Amino acid sequence: TYTLNLLLSSIVKLKCYSAAIQLHMKMNLVGIEPDLCTLTILINCYCELGQVDHGLCLLGEALKRGYDPNQKTFSTLIKGLCEQGKGVYALQLFENMTEKGIEPSMVTLGTLITGLCKINEVGLALELLKKMSNGNCKPNGVVFSPVIVALCKEGSVDRALNLFSKVITDPSISPDVVLYSSLIHGLCNSRRLSEAIRIFDDMTSQGISGNVVTYNSLIHGLLQNGEWKEARKYFDEMVDRGISPNIITYNSLIHGLCQNGQWKDAKIYFNEMVNRGILPTVRTFNNLIDSFFKEKKIGEAFELFELMIKTDQKPIENNRCTQIARQFQEGKFSTTESWFKEMQSYGQFPD
RNA sequence: CAUAAAGACCAGGCCAG
């Protein structure tokens, strides 16, 4: 059974959920009995396949076999219920487990809070947090970041700020880089960059250093706000501090620089990224190609389009620049009129 | 601490407004 679980676990890591379920059924026929861990893995599989009901049946099976479902079993189900939009049932299950004498762990609480936030039930999440902070087990820092993210997303940035200041002044909670980054990201997306930077500086002075995600949010936010020089400053700072930019950094940077008309720099970063061994994704290509078309750099755009195809990437369908590039490929722009027309759809007039 | 559970970052298209 131990070996079976090991195997199931790696199958799940590959996201082959139905394969895992089938394997379990076969092994069951051969007489290998599932333990609680097996069942928890399978519950997760059913949840991922959108079949929470089957997951609940497995909880029943666990009970029938005399197993005591633990925090992990319940967390898995709670997550599944939330992902199906059944936040109320998730809350019920959370309360049920408490009644049964299984103390929810921080992870269980975090799972529930995250699940509720992701289905726009921030209200329920906040209510639950309030109840929990009056109880015996105080929420840790982790459970607050999904709430902050959700509040920002729904536009209640000020409420997020409020909650954040309560959290960081609470002596029983030690804020971490994720908590700060969540707020920084929310502020960036609301174009409140000076506040984002202030929080970033606060974080640094608290001895918490930003990581690649923190910098990504800032760089992206600055670029969306037209502050591309600032964005490059943070990019340099990040590299100076020994933080390696990742594909998301480069995609944000390239896209943002293009939007700000800095396509030459964008191309430099594209080359830098390749030199660093970071493989451009189809997004990277699309951003650059799109921008080259807009800049009427047809040759460069087409060169990249071919490079994209050479390096494995499938062009994005339903996309203006893919369509135009294809038509180039097929030699459809033999007439100036057709080209003219296509380029007009870009809001540009060919020279 | 083991085989199972929680938080932050990137383009476009479509639909809704």
Side-chain angles (χ1 to χ4, degrees), chain A residues 1-13 20 34-45 47 58 62 69-80 82 97 104-118 125 139-150 152-153 160 167 175-189 203 210-221 223-224 245-256 258-259 280-291 315-323:
Chain A
T1 300
Y2 177 82
T3 321
L4 170 67
N5 290 346
L6 271 177
L7 193 52
L8 285 176
S9 153
S10 20
I11 296 175
V12 167
K13 284 198 184 100
D35 62 6
L36 182 61
C37 172
T38 320
L39 293 175
T40 308
I41 296 174
L42 291 169
I43 290 174
N44 185 30
C45 291
C47 289
L58 285 183
N70 60 22
Q71 297 163 329
K72 293 182 187 178
T73 320
F74 280 102
S75 299
T76 309
L77 274 167
I78 286 172
K79 185 170 118 208
C82 288
M97 72 184 276
S105 67
M106 262 325 135
V107 178
T108 319
L109 180 63
T111 308
L112 181 55
I113 299 283
T114 306
L116 290 173
C117 288
K118 291 211 166 129
N140 65 8
V142 171
V143 304
F144 288 98
S145 42
V147 182
I148 288 176
V149 170
C152 290
K153 213 177 271 172
V167 172
D176 64 2
V177 62
V178 176
L179 186 71
Y180 274 97
S181 302
S182 304
L183 182 64
I184 289 171
H185 179 242
L187 288 167
C188 285
N189 278 349
M203 174 178 89
N211 61 17
V212 60
V213 177
T214 326
Y215 279 98
N216 286 350
S217 292
L218 272 177
I219 289 170
H220 181 248
L223 285 161
Q224 294 308 308
N246 60 17
I247 180 65
I248 296 181
T249 323
Y250 280 108
N251 281 348
S252 303
L253 200 58
I254 289 171
H255 179 239
C258 287
Q259 280 180 318
T281 62
V282 61
R283 291 186 187 195
T284 326
F285 282 111
N286 200 62
N287 292 336
L288 269 171
I289 294 172
D290 193 66
S291 162
I316 310 170
E317 302 305 328
N318 291 327
N319 172 296
R320 284 184 313 184
C321 67
T322 303
Q323 280 161 11

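Values in this document were obtained by computation on a predicted structure and should not be read as measured data. Computed over heavy atoms, backbone and side chain alike; hydrogens, waters and symmetry mates excluded. The sequence lines fix the lettering, A, B, ..., with proteins before strands; numbering per chain opens at 1.
- A:L112 places its CG atom 10 Å from the C1' atom of B:A6, with the value rounded to the nearest Å.
- Between the C1' atom of B:C9 and the CG atom of A:N211 lies a distance of 9 Å, rounded to the nearest Å.
- Nearest heavy atoms, A:M97 versus A:Q71: CE-CA, 4.2 Å.
- Checking B:U3, B:C9, B:A5 against the side-chain heavy atoms of A:T76 singles out B:A5 as nearest.
- Counting to the nearest Å, the P atom of B:A5 and the CG atom of A:L109 are 18 Å from each other.
- When all heavy atoms are compared, the tightest approach of A:S217 to A:C188 is O-SG, 3.5 Å.
- Between A:L223 and A:L253, the closest heavy-atom pair is CD1-CA, 3.7 Å.
- Between B:G7 and B:U3, the distance separating the two C1' atoms is 24 Å to the nearest Å.
- Comparing atom distances between the A:V213 side chain and each of B:A8, B:A6, B:A11 picks out B:A8 as nearest.
- As judged by a 4.0 angstrom heavy-atom cut-off over every strand, A:T111 is placed among residues touching the sugar-phosphate backbone only.
- A:N287 and A:C258 make their closest contact through O-SG, 4.3 Å (heavy atoms, listed as atom of the first residue, atom of the second, distance).
- Base contact: A:D176 has a heavy atom under 4.0 Å from a base atom.
- When heavy atoms are screened at a 4.0 angstrom cut-off, A:L179 is found touching base atoms of the nucleic acid.
- Rounding to whole angstrom units, NZ of residue A:K72 and C1' of B:A5 are separated by 7 Å.
- In the interface, the side chain of A:N44 is not paired with the base of B:A5 through any donor and acceptor atom under 3.5 Å apart.
- For A:I41, counting side-chain heavy atoms from C-beta on, the closest listed nucleotide (B:A11, B:G7, B:U3) is B:U3.
- In this structure, A:K153 atom NZ and B:C9 atom C1' are separated by 11 Å, rounded to whole Å.
- In this structure, of B:C9, B:A5, B:G12, it is B:A5 that holds the atom nearest to the side chain of A:Q71.
- In the set B:G7, B:C10, B:U3, the nucleotide with an atom closest to the side chain of A:L6 is B:U3.
- Here, B:A6 and B:A2 have their P atoms 15 Å apart, quoted to the whole Å.
- Nucleotides B:C9 and B:A5 have their C1' atoms positioned 24 Å apart, rounded to a whole Å.
- Taking atom C1' in both B:A4 and B:A8, the straight-line distance is 25 Å, to the nearest Å.
- The distance from atom CG of A:N246 to atom P of B:A11 is 14 Å, rounded to the nearest whole Å.
- Residue A:V107 places its side chain closer to B:A6 than to any other of B:C9, B:U3, B:A6.
- Within 4.0 Å of A:V149, counting heavy atoms only, lie sugar-phosphate atoms of the nucleic acid but no base atom.
- Residues A:T111 and A:S75 come closest through the heavy atom pair CG2-O, 3.6 Å.
- In this structure, A:S75 reaches the bases: a heavy-atom distance under 4.0 Å links it to at least one base atom across the strands shown.
- If you take CZ of A:F144 and C1' of B:A6, they are 14 Å apart, rounded to a whole angstrom.
- Taking the side chain of A:K79 as heavy atoms from C-beta on, and the options B:A5, B:G7, B:A4, the nearest nucleotide is B:A5.
- Here the shortest heavy-atom pairing between A:M106 and A:V143 reads O-CG1, 4.3 Å.
- Taking 4.5 Å as the limit, every side-chain heavy atom of A:K153 sits out of range of all side-chain heavy atoms of A:K118.
- Of the candidates B:C10, B:A6, B:A8, B:A6 carries the atom nearest the A:V142 side chain, counting heavy atoms from C-beta on.
- Within 4.0 Å (heavy atoms only), A:S105 reaches at least one base atom of the nucleic acid.
- The NE2 atom of A:H185 sits 8 Å away from the C1' atom of B:A8 (whole-angstrom rounding).
- The base of B:A4 lies close enough to the side chain of A:N70 for a donor and an acceptor atom to sit less than 3.5 Å apart.
- The side chain of A:T114 lies closest to B:A6, out of B:A6, B:A8, B:A4.
- Comparing B:A5, B:G7, B:A6 by their closest approach to the side chain of A:N140 singles out B:A6.
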